[in-house]
Amino acid sequence: MDLVLNVADYYVLTPYVYPASWPEDGAVRQILSLLVLTNLGAAILYLGLGAISYFFIFDHKLMKHPHFLENQVQREIKYAMTSLPWISIPTVGLFFAEVRGYSKLYDSISECPLGWVGIFVSMTSFLLFTDMCIYWIHRFLHHKRIYKLFHKPHHIWKIPTPFASHAFHPVDGFMQGLPYHIYPFLFPLHKVLYLALYVFVNIWTISIHDGDYRVPGLLTNVINGSAHHTDHHLFFDYNYGQYFTLWDKLGGSYRHPSGLMGNGPHDLIRKLQAEGKLGDDGAKTNGHAKRGVTLKEE
């Protein structure tokens, strides 16, 4: 995060924001700057990437689904934008520790014992480590004593849009983001690669909420895509993974996506329309069509 902070200091903060008496390496100044940059960056990534996905990838026919809520998109955005500032507070504490040099982030390839090979190893281990951690954190958040406190708000969106990707309770959002932040305190990682992975993580989080179920056939049982995560929202206790299906299979929580077996949300919409239970305009009563569909209650 110090790379972003340095750029902000050089081009904006030093000449235009802070008085000359505030040194760039001052703790108070760094914390305030990180709070602003973290919130601004999170909002830009969420709204920008979410909008691109919503307008160009998300299948808007899903908004006709009986479980799609009234004004859902606006509610998702409002919830996310309300939660992100709270999530940023503990996150900035970790960023501050990074800036102060307590992490194992490094600047140059020459500092990596394995050179460019180490970059690939770091990228792979980052994905595997965070996938494992998020699986268990996510599963913990589904414990009956924890779920209603923190994770239930995210499951309001049974048919999520890309904007549901960050619509978490602040505690939930921070806990599921924690593995990304603790990795560089445990393992060496190039600073530029860390920023790239951070952007990738946000893209991936949005992508598994975008309703686009396309995954190469050979990877269907390996990659945890949007079809897998849609079933997690619909059926509650399956497919907790982030990128891969490995831990779901090891933990006995894997469910092959119903959307890939002709029994998913799109199939239900077509069936209801064919039966005349859902108008061509997808009209619903208070966001729900009258029909018989059984899903596990949360």
Side-chain angles (χ1 to χ4, degrees), residues 38-85 87-88 91 126-127 130-131 134 138 151 153-170 172-174 176-177 179-180 195-217 219-220 222-234 239-245 257-260 264-269 282 287:
T38 299
N39 278 279
L40 184 61
I44 291 173
L45 285 174
Y46 168 64
L47 294 174
L49 295 173
I52 291 172
S53 180
Y54 178 75
F55 288 110
F56 298 104
I57 299 175
F58 176 68
D59 187 345
H60 287 70
K61 292 179 181 178
L62 287 170
M63 298 172 76
K64 298 179 180 181
H65 193 279
H67 283 286
F68 196 87
L69 304 179
E70 186 175 11
N71 299 320
Q72 179 173 314
V73 174
Q74 295 93 319
R75 293 167 64 183
E76 290 170 341
I77 294 173
K78 181 179 179 180
Y79 199 95
M81 294 303 293
T82 303
S83 295
L84 286 175
I87 296 172
S88 74
T91 302
F126 177 90
L127 296 177
T130 55
D131 186 62
I134 291 173
H138 192 178
H151 194 53
H154 186 63
H155 276 268
I156 293 174
W157 333 112
K158 291 186 178 294
I159 302 295
T161 79
F163 291 113
S165 59
H166 293 63
F168 289 101
H169 183 284
D172 184 0
F174 176 70
Q176 293 206 58
Y180 308 126
L195 289 176
L197 288 169
Y198 189 76
V199 173
F200 168 78
V201 163
N202 279 273
I203 293 173
W204 188 270
T205 303
I206 289 171
S207 75
I208 61 175
H209 293 87
D210 67 10
D212 186 345
Y213 304 154
R214 292 174 295 179
V215 174
L219 298 179
T220 299
V222 178
I223 299 297
N224 181 71
S226 179
H228 299 75
H229 197 68
T230 294
D231 272 9
H232 174 74
H233 277 259
L234 286 171
N239 300 346
Y240 298 104
Q242 180 73 351
Y243 316 114
F244 310 113
T245 60
S258 57
L260 302 181
H266 292 91
D267 303 291
L268 177 59
I269 291 170

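In this chain, residues are counted from 1 in sequence order. These figures come from a predicted structure and were not determined experimentally.
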J.: Measuring only between side-chain heavy atoms, which start at C-beta, is His65 closer than 4.5 Å to Leu268?
T.: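 The answer is yes; the side chains approach within 4.5 Å.
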J.: Would you call Asp212 and Arg214 a salt bridge, taking side-chain N to carboxylate O under 4.0 Å as the test?
T.: yes
J.: Drop me the distance from Ile156's CD1 to His67's NE2, to the nearest 0.5 angstrom.
T.: 14.0 Å
J.: About how many Å separate CD1 of Ile52 and CG of Leu47, when rounded to the nearest 0.5 Å?
T.: 11.0 Å
J.: Centre-to-centre under 6.0 Å for Tyr198 and Tyr180, is that the case here?
T.: no
J.: Can you find a heavy atom in the side chain of Leu127 that is under 4.5 Å from one in the side chain of Phe200?
T.: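 Contact flag for Leu127/Phe200 side chains = yes.
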J.: Answer yes or no: is there a donor N or O on one side and an acceptor on the other, between the side chain of Thr205 and the main chain of Ser165, under 3.5 Å?
T.: no
J.: Identify the two heavy atoms, one from Leu260 and one from Ala227, that lie closest to each other, and give their separation to 0.1 Å.
T.: CG-CB, 4.1 Å
J.: Going through the checks in order, is the side-chain contact (heavy atoms from CB on, under 4.5 Å) test met by Phe168 and Ser83?
T.: CA-CA 7 Å; Phe168 289 101; Ser83 295; 5.7 Å; no
J.: Among residues at least two apart in sequence or on other chains, which ones pass salt bridge (Lys or Arg N to Asp or Glu O under 4.0 Å) with Asp131?
T.: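 So Asp131 forms no salt bridge (Lys or Arg N to Asp or Glu O under 4.0 Å) with any residue.
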J.: Establish, from distance only, whether the side-chain atoms of Asn224 and Thr245 form a donor-acceptor pair under 3.5 Å.
T.: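 Judged by distance alone, the side chains do not pair up.
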J.: Is it true that His60 and Phe58 have ring centroids separated by less than 6.0 Å?
T.: yes
J.: Determine whether the aromatic ring centres of residues His228 and His232 are separated by less than 6.0 angstrom.
T.: no
J.: Does a side chain donor of either Thr161 or Glu76 reach within less than 3.5 Å of an acceptor in the other side chain?
T.: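 Yes - a donor-acceptor pair under 3.5 Å links their side chains.
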J.: Distance check, rounded to the nearest 0.5 Å: Ser226 atom OG versus Asp59 atom CG?
T.: 10.5 Å
J.: Check side chain to side chain contact (heavy atoms under 4.5 Å, CB included) between Ile44 and all other residues, then give those that pass, not counting sequence neighbours.
T.: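 Result, side chain to side chain contact (heavy atoms under 4.5 Å, CB included) vs Ile44: Leu40.
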J.: Run Gln242 and Thr130 through side-chain contact (heavy atoms from CB on, under 4.5 Å) and show every step you take.
T.: CA-CA 8 Å; Gln242 180 73 351; Thr130 55; over 6 Å; no
J.: Do Gln176 and His151 come close enough that some side-chain heavy atom pair is under 4.5 Å?
T.: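 They are in contact (side-chain heavy atoms under 4.5 Å apart), so the answer is yes.
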J.: Report yes if the side chains of Tyr79 and Pro153 come closer than 4.5 Å at any heavy-atom pair, otherwise no.
T.: yes
J.: Considering all heavy atoms of both residues, which atom of Ile87 and which atom of Gly173 are nearest to each other, and what is their separation?
T.: CD1-CA, 3.9 Å
J.: Can you confirm whether the side chains of His154 and Asp172 place a donor and an acceptor under 3.5 Å from each other?
T.: no
J.: Working to the nearest 0.5 Å, report the span between NE2 of His266 and OG1 of Thr230.
T.: 8.5 Å
J.: Can you tell me if His209 and His229 form a side-chain donor-acceptor pair at under 3.5 Å?
T.: yes
J.: State, yes or no, whether a side-chain contact exists between Val73 and Tyr54 at a heavy-atom distance under 4.5 Å.
T.: yes
J.: Look at the side chain of Asp210 and the backbone N and O of Pro162, then say whether any donor-acceptor pair between them is shorter than 3.5 Å.
T.: no
J.: Is there a side-chain contact between Tyr243 and Ile208 in this structure, where contact means two heavy atoms from C-beta onward sitting under 4.5 Å apart?
T.: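 SC-SC contact between Tyr243 and Ile208 ruled out.
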J.: Is it true that the side chains of His166 and Asn202 contain a donor and an acceptor less than 3.5 Å apart?
T.: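 The criterion, which ignores hydrogens and geometry beyond distance, is satisfied for Asn202 and His166.
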J.: I'd like to check Ile159 versus Leu234 (side-chain heavy atoms, cut-off strictly below 4.5 Å). Are they in contact?
T.: yes
J.: Is there a side-chain contact between Phe163 and Tyr46 (heavy atoms, below 4.5 Å)?
T.: yes
